[in-house]
Amino acid sequence: QVQLAESGGGLVQPGGSLRLSCAASGSITSLNVMGWYRQAPGTQRDLVAVMSSEGSTNSVDSVKGRFTISRDNAKNTVYLQMNSLKPEDTAVYYCNVKTFRAGLVVGDYWGQGTQVTVSS
C-alpha cells in the first residue's frame, strides 16, 4: 500500500505561480511513475504531467513552457511548479503514483486532491 501526502495549492491571480508537492510512503517499487492530474467541475480527470523514476516525463500541451515537474527519488516526492497560471488552470489537482513490477502496473494510488484557483 502507498500513502500520498499533498501540499500546496490555493488561490492565485492570473500570471501567478504555485508549487504543489506530493510525498509518497509505503510499498513503492523502484520503477514507478509519479505525477499530477487535474479535474475541473463537470469534466473528467486529465493528465497534467508525470515523471518516471528513470527521469522520463510526459505532459499535456496546454502546460508546456509553464509547468515543470520534478522529483526527489530519495524522498519519494514529486513537485509541480506552476508558472504563468491562467483561469483555465483552475481545478482540483490530484497526485498519482503508479508502481510497476516486471513491466506491469501493480499499484495505482491517488492523493486526496488539492484545489488550485486562478482568479483576479
Side-chain angles (χ1 to χ4, degrees):
Q1 196 70 5
V2 173
Q3 295 78 41
L4 303 178
E6 300 169 348
S7 61
L11 173 64
V12 65
Q13 292 185 343
S17 298
L18 285 173
R19 189 193 196 207
L20 305 182
S21 299
C22 175
S25 60
S27 302
I28 302 169
T29 57
S30 58
L31 181 60
N32 59 77
V33 175
M34 301 181 71
W36 297 91
Y37 291 70
R38 66 187 178 186
Q39 187 170 20
T43 70
Q44 64 182 20
R45 190 174 298 183
D46 291 325
L47 179 144
V48 177
V50 294
M51 189 171 190
S52 76
S53 49
E54 298 173 326
S56 61
T57 62
N58 185 32
S59 62
V60 66
D61 286 347
S62 62
V63 307
K64 289 180 179 177
R66 300 189 298 122
F67 292 9
T68 302
I69 189 169
S70 61
R71 55 185 288 169
D72 184 337
N73 287 339
K75 297 180 179 179
N76 287 323
T77 299
V78 63
Y79 306 95
L80 186 68
Q81 178 66 44
M82 304 184 292
N83 298 330
S84 302
L85 282 160
K86 304 175 180 179
E88 51 262 43
D89 295 317
T90 296
V92 178
Y93 285 68
Y94 294 91
C95 178
N96 175 259
V97 173
K98 291 181 174 59
T99 56
F100 295 81
R101 187 170 290 117
L104 299 176
V105 176
V106 294
D108 190 1
Y109 306 95
W110 293 93
Q112 79 279 5
T114 185
Q115 178 70 45
V116 171
T117 301
V118 185
S119 175
S120 54

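Reckoned from all heavy atoms, side chains included, excluding hydrogens, waters and symmetry mates. FYI, the numbering just counts along the sequence from 1.
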field: Residues Phe100, Ser53; criterion side-chain contact (heavy atoms from CB on, under 4.5 Å); working and verdict
entry: CA-CA 11 Å; Phe100 295 81; Ser53 49; over 6 Å; no

Heavy-atom pair of closest approach, residues [X] and [Y]:
X      : Y      : value
Ala49  : Ser59  : CB-CB, 3.8 Å
Thr90  : Gln115 : CG2-NE2, 4.0 Å
Phe67  : Tyr93  : CE2-OH, 4.1 Å
Ser120 : Pro14  : N-CD, 3.7 Å

message: Given Tyr109, which partner from the list Asn32, Thr99, Ile28 fulfils the side-chain contact (heavy atoms from CB on, under 4.5 Å) test?
response: Thr99

statement: With Trp36 as partner, the option from Leu47, Val50, Ile69 fulfilling side-chain contact (heavy atoms from CB on, under 4.5 Å) is Ile69

Count I, L, V, M, F, W, Y as connected when their side-chain heavy atoms are under 4.5 Å apart, and connections chain through other members. Are [X] and [Y] then in the same cluster?
X     : Y      : result
Met34 : Val106 : no
Val63 : Leu80  : yes
Val48 : Val12  : yes
Val2  : Met51  : yes

task: Go through the steps for Leu20 and Glu6 under the test side-chain contact (heavy atoms from CB on, under 4.5 Å), then give the verdict.
output: CA-CA 7 Å; Leu20 305 182; Glu6 300 169 348; over 6 Å; no

- request: Give, for atom OH of Tyr79 and atom OG1 of Thr68, the distance between the pair rounded to the nearest 0.5 Å.
  value: 14.5 Å

message: Quick one, Ser119 with Leu11, criterion side-chain contact (heavy atoms from CB on, under 4.5 Å). Give me CA distance, side-chain angles, the key distance, then yes/no.
response: CA-CA 7 Å; Ser119 175; Leu11 173 64; 4.3 Å; yes

field: Electrostatic pair Lys64-Asp61, nearest N-O below 4.0 angstrom
entry: yes

task: Output yes when a side-chain donor or acceptor of Thr114 lies under 3.5 Å from a complementary backbone atom of Gly8, and no otherwise.
output: yes

Salt bridge (Lys or Arg N to Asp or Glu O under 4.0 Å) partners for Arg45, two or more places apart: none

query: Given Met82 and Asp89, is the side-chain contact (heavy atoms from CB on, under 4.5 Å) satisfied, shown in steps?
result: CA-CA 10 Å; Met82 304 184 292; Asp89 295 317; over 6 Å; no

